[in-house]
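See structure below.
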Number of protein chains: 2
Amino acid sequence: MNLSQVKLLIELNRNQFNLSAASDALHIVQSAGTRQLKLLEEELNLALFERKGKRLTGFTETGLKILQQAEKMLLAQDNIYAIALDFHQPQSAHLKIACTHTQAKYFLPKKLVAFKRSHPKVKVHIEQGTPKQLVDWVKQGQVDLAISTEALDDCEQLTKIDCYSWHHVLVVPNHHHLIDGPLNLAAIADYPILTYMAGMTGQGKILQVFKDEGLTLEVDLYATDSDVIKDYVRLGFGVGIIAEMAIDSKLDKDLTVIDLTPWLSACTTKVGFLSNRYLPSFVHDFIELVTNPS
Amino acid sequence: MNLSQVKLLIELNRNQFNLSAASDALHIVQSAGTRQLKLLEEELNLALFERKGKRLTGFTETGLKILQQAEKMLLAQDNIYAIALDFHQPQSAHLKIACTHTQAKYFLPKKLVAFKRSHPKVKVHIEQGTPKQLVDWVKQGQVDLAISTEALDDCEQLTKIDCYSWHHVLVVPNHHHLIDGPLNLAAIADYPILTYMAGMTGQGKILQVFKDEGLTLEVDLYATDSDVIKDYVRLGFGVGIIAEMAIDSKLDKDLTVIDLTPWLSACTTKVGFLSNRYLPSFVHDFIELVTNPS
DNA sequence: GGATTTTACGCATTTCGTAAGTATT
DNA sequence: AATACTTACGAAATGCGTAAAATCC
């Protein structure tokens, strides 16, 4: 067996079993690709691919198992190069974080200040997206880690560590009627609701709680962004349900914040990363930072 | 990079950084080994080994990190060959189990009967040893899995799944004084105790419970084997504390079994294996069998 | 007919082994 | 002196590219 043969398997998988395309990806002529595949199948003495005449149509059952191991081999190889790179230019290192808007704006800043203090030369990238996107980016190795309340748990491959727990709060304009009357879910449901998009920042949990009470929420605005929600609350569109850390006690004096802990259970924000992938020490340092309270 | 270079790293680690020995292990002449190491270090542009003049004395810090990835690469490669082998001769397959005496004699039999029924052609090996040995054997790949109550949890690399929970029982000859009087730990501690060796079958838990009560146990016989303990109980050496599943209601009619659940908490027997290592489907079937209540 | 895979042949590169030389214990 | 590593050189093996043939859609 050969590393180029292993790479060929990966590329065949990426290119819908097209030998020509896979060979191109490896910068060899197509006939060389055919030959290497043939050699590998001969060495293992089994068919890695289903064939329709000469064309490859997919992996065999055994081929699929072998592909999985092939991916592990190449990941480890990539890690070796990453380690070497890390050795040569620790200074020009890049920390790539994927997270949602709420984390980027309200959780990360103080963490990154601390991180920059201990690692002044590391460049930081913050990629924003939906929780599902974050997970994809981590899986594909585009980013080092993802910080999110959602979607991380759905992915088996990711190692997850808790960062912190928090609650949702209700935000209304000052002097809103809800402030005076007795508070309960039914009272809230009387107003148009502004909150997060599906799959973001614990939104599913919010809707579920109202549904369990037999209440239908009239959600008038779905946003990815806590600030957008707050602004439309200011404009009188309705009442907002957002994450508690999205409240800025100085800037949000025109809003009244109402505790929802009696009704909504806590959410836990986590950091997720691929434990198989080599991560430079500064990435581990950063994970340590975000998973330890303040 | 090259698979033979990767193998060379592994062999250098196994052979105390002796290039000649490592080269021998790879069936190449020593000069070829030197050359490959040089090529690899040149490609990565870093020193993998500490050197004293020409001699290699150990891995550098970076070299050690790379060694770990190299081991992952070769493990995945071995897995590919294992998958191919599994494909060609599923019939001549061998299931290698490591466990303690108690598991081999009192837990495995009914499981293996069921396993043999569904996989008649698989040959079964049962390797007995102390819990620590079992863990080593699994880590080194000498066996497919270990079944034990102890030591598995100490090993990070192993994947552990619970098999079943059980309690310790007190065994005494019929008509023993302990049967009539009020039972408590102090009463038991009045007699010489026969039980397992340190590190076996929940022994640590037993001693601890007595110690917590301020009692010192007079252990007159430590054994690895429940049957040995029972026999010496029969001979009047003292009272035995053994695992409940080691009682055979038919063969042990001359012994009285006394429940210890009020004092000793439950033990959990687990199966441990390397999740990185490829295990043929019949091994997974067996794990399923032992982790599901019969 | 265009795209894809297989096979054959010659050339370039890689890697090995032999052998001689250098350093370490 | 024995062991361990490096370097030089020719030989063997591996792997590539070109080109032509076969097959699929």
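Checked by atom type and distance alone, the side chain of A:E150 pairs as donor or acceptor with a backbone atom of A:G202 at under 3.5 Å.
Using a 4.0 Å cut-off, no side-chain N or O of A:S31 falls inside it from OP1 or OP2 of D:dA19. Not one side-chain nitrogen or oxygen of A:N18 sits closer than 4.0 Å to the OP1 or OP2 atom of C:dA3. Residue B:N2 places no side-chain N or O under 4.0 Å from the OP1 or OP2 atom of C:dT14.
Between B:R277 and B:D78 no salt bridge is recorded (no basic side-chain N to carboxylate O distance below 4.0 Å). A salt bridge links A:E11 to A:R14: one of the charged nitrogens lies within less than 4.0 Å of a carboxylate oxygen.
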Next item on the list: For ring pair (Phe, Tyr, Trp, His ring centres under 6.0 Å), just list the numbers for A:Y222 and A:Y196, CA-CA rounded to whole Å, side-chain angles, deciding distance to a tenth of an Å, and then say yes or no.
Entry: CA-CA 5 Å; A:Y222 296 97; A:Y196 300 108; over 10 Å; no

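Counted by atom type alone, B:Y81 and A:Q69 present zero donor-acceptor pairs between their side chains at under 3.5 Å.
For A:L19, the side-chain atoms get nearest to C:dT6 when compared with the rest of D:dT6, C:dT15, C:dT6.
By the 30° and 60° cut-offs, the orientation of the rings of A:F273 relative to A:H284 is perpendicular.
Mapped onto DNA chain D by nearest heavy atom, A:I28 and B:S20 fall at different nucleotides, with B:S20 at the one closer to the 5' end.
Proximity of residues 32-59 of chain B to DNA chain D (heavy atom under 4.0 angstrom from any strand atom) is restricted to B:T34, B:R35, B:K38, B:K54, B:R55, B:L56.
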